[in-house]
Amino acid sequence: GVCMEEFGFSAAEAARLPVVLTACGHSLCRGCADTLVAGGSTSSAAAAPQFECPYDRVPNSGFVPNFELMAQLERASMAPPPPPPVLPELEPQPQPQPENR
């Protein structure tokens with residue numbers, strides 16, 4: 001499985017850094033990818049461990065850092081927060097008058 005935590009983008013958040021699985025291109029955090037590799041199987045001592053992507057079950061043998069996603073996360077963290085929404089002013093509505101009969 002995967003942790004579903006937010007990705008990190010700094011060295012202090014090493015386990016949360018996004019990585020890309022080499023065979024299918026899905027992104028996971030480094031901690032989840034390490035867990036998948038540790039639980040994978042190896043056909044020989046020289047072969048890389050094989051593990052399945054938790055999203056599409058494609059066999060993978062490695063992962064690489066997702067530098068583009070790390071850069072986007074860093075840019076998003078430095079961006080100023082969006083301004084609060086401007087709500088239209090509400091004018092008082094006339095109250096219905098009781099009918100006189």
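Quantities reported herein were computed from a predicted structural model and do not represent experimental measurements.
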| request: Give the cluster check for V2 versus F63: same hydrophobic cluster or not, with ILVMFWY residues linked at side-chain heavy-atom distances below 4.5 Å. | output: yes
| Would a 4.5 Å heavy-atom cut-off, applied to side chains only, mark E52 and V58 as touching? | no
| remark: Residues C32 and C3: closest non-hydrogen pair is SG-N, 3.2 Å
| said: Could you tell me if the side chain of E5 sits less than 4.5 Å from the side chain of C29, heavy atoms only? | reply: no
| query | Counting distance only, does the side-chain N/O of S61 pair as donor-acceptor with the main-chain N or O of Q50 below 3.5 Å? | reply | no
| task | Return the set of residues passing salt bridge (Lys or Arg N to Asp or Glu O under 4.0 Å) with E68 (not counting sequence neighbours), or none when no residue passes. | result | R75
| field | Set of salt bridge (Lys or Arg N to Asp or Glu O under 4.0 Å) partners for R30, sequence neighbours left out | value | D34
| task | List the atom of L17, the atom of S10, and the distance in Å for their closest heavy-atom pair. | result | CD2-O, 3.6 Å
Show which side-chain atoms of residues 76-87 pair as donor or acceptor with protein atoms under 3.5 Å away, not counting sequence neighbours.
{"from": "S77", "atom 1": "OG", "to": "E74", "atom 2": "O", "distance (Å)": "2.8"}

| field | Contacts of type salt bridge (Lys or Arg N to Asp or Glu O under 4.0 Å), residue E13, not counting sequence neighbours | value | none
| Excluding sequence neighbours, so at least two apart, what forms side chain to side chain contact (heavy atoms under 4.5 Å, CB included) with L36? | L28, F51, P54
| query | In terms of hydrophobic clusters joined by side-chain contacts under 4.5 Å, are Y55 and L21 together? | reply | yes
| To which residues is V20 joined in a hydrophobic cluster, defined by side-chain heavy-atom contacts under 4.5 Å among Ile, Leu, Val, Met, Phe, Trp and Tyr, whether direct or through other members? | V64
